[in-house]
Structures are given as structure tokens and as C-alpha cells.
Protein chains: 2
Amino acid sequence: MPSPKYHHGDLKNALIEAGIKILSKEGVGGLSLRKVAKRAGVSHSAPYAHFTDKQSLIAAISTEGFKQLYAELDAAVSPYASDPKQQLLEGAWVYVQFALNNRDTFHIMFSGILEKEKDYPAFVEISRKNFERVVDIVRACQDAGVLRPAPPEIMALTVWGQLHGIISLILEGNVSHVILDRFSIREMMLFAMNQMVLGKPLS
Amino acid sequence: MPSPKYHHGDLKNALIEAGIKILSKEGVGGLSLRKVAKRAGVSHSAPYAHFTDKQSLIAAISTEGFKQLYAELDAAVSPYASDPKQQLLEGAWVYVQFALNNRDTFHIMFSGILEKEKDYPAFVEISRKNFERVVDIVRACQDAGVLRPAPPEIMALTVWGQLHGIISLILEGNVSHVILDRFSIREMMLFAMNQMVLGKPLS
DNA sequence: CTTAAAATCTGGACACTGTCTAGTTTATAA
DNA sequence: TTATAAACTAGACAGTGTCCAGATTTTAAG
């Protein structure tokens, strides 16, 4: 099967996977099209048959990241369909864990590496889908009196922004060790979510 | 005065300023040491007399950004020494405005472009100073019953993270136009701050 | 004031990058 | 079977960060 043919067969996905690997080992600074090509065992310009440029590969990797995030979010939240508050908590934790476990993927998904996201429909779509899921959870929380009444979209952006801000500041190295040594990330996340929620503290 | 001497006189600062200019015109992708050097009117390797590498220049630009942010924060907050809630509001708005008015500087300050911030003492120091200012405001708010009692550091991280998350998501293009068209950034910021604060809505 | 040392700057080099173009091989379909 | 398209290679180019040897200027020591 691994006979080296002229045509790879599934080069596009191979390139995406190679990109993710390189990303996780060398970080975003070490990600180059040529390295990706070499890792996939093709010539340095082969990727251009599948991606118009480097941005396009990055879009594909980011899209993959959002798909994975959505899957994890869905898996963690679905079991608690009758308990919105728990959905919020589980969802929040999944987001934070995803960021911690996939630092560099998270980084290219959110740190403006991808410059014209609008040009990548698959990216826009899965991105929208993720946000819609958050909106749904928020709406359920509002109906259950866990979050205060308000347009669910702006409430969702607030919840998302809260989590995203804290974890981003930590990952990008903007939070001093004095803080990091004193509080666990889970503590910080719970504290922040408690700030969101009406009533009794979250477990 | 602008006689082209062999020695520039103040090349280090000239390079930092050139870097900021390029950054604001071409974004972080367009920032190169060689362009910075050209803009300052020196050879492509002249910067190495003042910066060990590109990261070092980026650290200097980021440091400059934090200094400016601190100055603006201080100017906006100081007049309200007797009104912690107003301090919180003004400070939050300054942060958001700074991000909007200095997109790319904000970007290199916070989006992990600088990889080993620990290696740059001036950066660490002004960064710490900024955070301390936030902690002070938060503490005052807690004393005034505007924010709930808690370790001020974790509360400060929460407030900061909330603002930072929302504005970052917006700037990096992760918030859909559906949302952006419906709510102004000031609305979003006020909504989020209201979520933080105990009691009556903020103006 | 002289002169040795240090700081600053130039120009050339190197490896690596993204991207383009021309041509080669394979798959597809008419 | 054959023409057309898709996938891939190899070579080129300009731009990049960084290093090096040397030139120029400033600084400081004698």
C-alpha cells in the first residue's frame, strides 16, 4: 500500500495532518508550507494543487480545529439537556481544556493568523455553528433563570468572551506567575462563571 | 540637522518608531527588520547593534504600547479617585479604545507574537504595573461594594479577561457581522461590565 | 592631545521562506 | 483510444532573519 506513487491519493488531508503535527511540535513560527510538504513526502510546490496559498492551509487547519471543538462541546453538553446550568459549566470547561490541550491550534484559530476568514466558507460555517451552540445554551440558561434576561447573542458573546479572555491571556503569557501559582485554571474559570450566573455558586 | 552622518544618533528609538509605523500601515505580517531599517535610513543589519533579534524589537514595541496604555489608563481613571465604579467604567473604556485605535500594537502586545516575554525585564515590569493598576481599581470597587468580595487579583483577572476576550474576538474577526451590526462595541462593553457589577446598571 | 578600545554601521553572504512558471506524470472521461 | 484535466516535480525569484568581516565614529585612558 505505501508504494510511492506519483499521485498521493489523499494529499490534501495528509497536508492538513502534517500541518497540525508540525504546529503542535514547533508552534506557529515553525509552520511552513515546505516543511508540511516534506513531511507529507511531496515536493515543495505540491501543496499548491490543493491550497491556493499558506493562508488557505491555515484556514483548513483552523476549520479542523473548530470541528473538533464542536464535537467535544456537543459530547460534553448533550447529556445535560435538562440542566442548563450544568451545560454552561461543562461547555465552559471543554472550551478551556481544548485551549490547553491544543495550544497552537487554538492559537491559529483565534489569534488573527488567518487574515481573511470571510474567504473560507467552511471556516465561517463551523465557526457560526459553534457560536450558535453557545447561544442555545445561554438561551436555556436564561429560560431557567440561571442567566439574566437579555438578547441571547450578546449574553453569549459575553460568556464566550469571558472564558476566551482569561484563557488567552494565560496562554499568551500575559498573566504573571504570581497569579498562576496561586489559583488553578479551573478555579479561575469557576470564579468567572460565577460572576455570570445569578444565584448560588457553581460547584 | 538631518545631515546623513555615519552614526544615526538615536537609531534605537528611530527603529522602534519605524516599527510602529509599519505595523499600523501593513500589519504584523508586513513588519520586517529590513523594512524597519530602510525606513530609518540605515543598512539592513544596523538594527543588530541595538536589538539582538527581531523578537527583541517586538518586545520594545510592545513595551512602548504598554507604556502608552498605562498613561491613558492613568489619565482617565485618576480624576475619579472617589468614585470606584466610574473608575472601572472609564478604565474599561480606555482599554477598549486603545485596542481599537492601536489594533496592531495591541495585537503584538497580546497575541503571542512575543514568545519569551520573561526575557524582557522592561516588558515584564510595565506589564505588571498595568495589572497592578487594575487590581487597585478592583480593590476600591470591592471596598465600595461595587464588586463582590474576593481576592482582588482573581477578580482583576476576571474583569480584564472579560474585556480582553470580547475585544480580541472582535478584532481578530471571530465575531459575526450579525452581532456587530446589531450592537455597538460600547453596548457590548457596558453589558459585560454590568454582568460584573453588583447592583444598579452602569450608565 | 594621542591613541587604544568600544560602539555603531555597511555590505556581503547563507539558509529558509512563499509563490510562480514550465513541464511531467497520472487519472478521468468522451 | 485519446484528449482533457488533475496532481505533482523542479527550478527560479524576491524577501526574510541572522551572521560575519570590515569600515567609521565615538569614548575614554594615558
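Letters go in sequence order (proteins before strands), and every chain restarts at 1.
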Nearest whole angstrom, please: distance from the [atom2] of [N] to the [atom1] of [X].
X: Leu11(A); N: dT9(D); atom1: CG; atom2: C1'; answer: 13 Å
X: Leu57(A); N: dG18(C); atom1: CG; atom2: P; answer: 10 Å
X: Tyr48(A); N: dA22(C); atom1: OH; atom2: C1'; answer: 16 Å
X: Arg34(A); N: dC13(D); atom1: CZ; atom2: P; answer: 14 Å
X: Lys38(A); N: dA15(C); atom1: NZ; atom2: P; answer: 13 Å
X: Lys54(A); N: dT17(C); atom1: NZ; atom2: C1'; answer: 8 Å
X: Asp53(B); N: dA15(C); atom1: CG; atom2: C1'; answer: 17 Å
X: Lys35(A); N: dC16(C); atom1: NZ; atom2: P; answer: 10 Å

Exercise for review: Please work out whether the ring planes of Phe106(A) and His164(A) are parallel, tilted or perpendicular, with thresholds of 30° and 60°.
Suggested key: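 The rings of Phe106(A) and His164(A) sit tilted, inter-plane angle from 30° to 60°.
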
**Study point:** Residue-phosphate contact under 4.0 Å: Ser43(B) side-chain N/O, dC9(C) OP1/OP2
**Key:**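 No, outside the criterion.
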
Check your understanding: Does any N or O donor sit under 3.5 Å from an N or O acceptor when you compare the side chain of His44(B) with the base of dG15(D)?
Key ->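 No, the side chain and the base share no sub-3.5 Å donor-acceptor pair.
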
**Study point:** Over-ring placement of Arg148(A) relative to Phe191(B), 6.0 Å and 45° cut-offs
**Key:**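 Yes, Arg148(A) sits over the ring of Phe191(B).
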
Review point. Is the cationic atom of Lys129(A) (NZ for Lys, CZ for Arg) positioned less than 6.0 Å from the six-membered ring centroid of Phe66(A) and within 45 degrees of its normal?
Key: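 Because its charged atom misses either the 6.0 Å distance or the 45° angle limit, Lys129(A) does not stack over Phe66(A).
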
Practice item. Under 4.0 Å between any heavy atoms, over every strand shown, what does Ser45(A) touch: base, sugar-phosphate, or nothing? Just pick one. Key: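 Counting heavy atoms under 4.0 Å across all strands, the contact made by Ser45(A) includes a base.
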
Point to revise | side chain to side chain donor-acceptor pair (under 3.5 Å) partners for Lys21(B), two or more places apart | key: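 Lys21(B) satisfies side chain to side chain donor-acceptor pair (under 3.5 Å) with no residue once adjacent residues are dropped.
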
Exercise for review: Ignoring the backbone of Leu33(B), work out which of dT8(C), dG17(D), dC8(D) is nearest its side chain.
Suggested key: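 Taking heavy atoms from C-beta onward, the closest nucleotide is dG17(D).
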
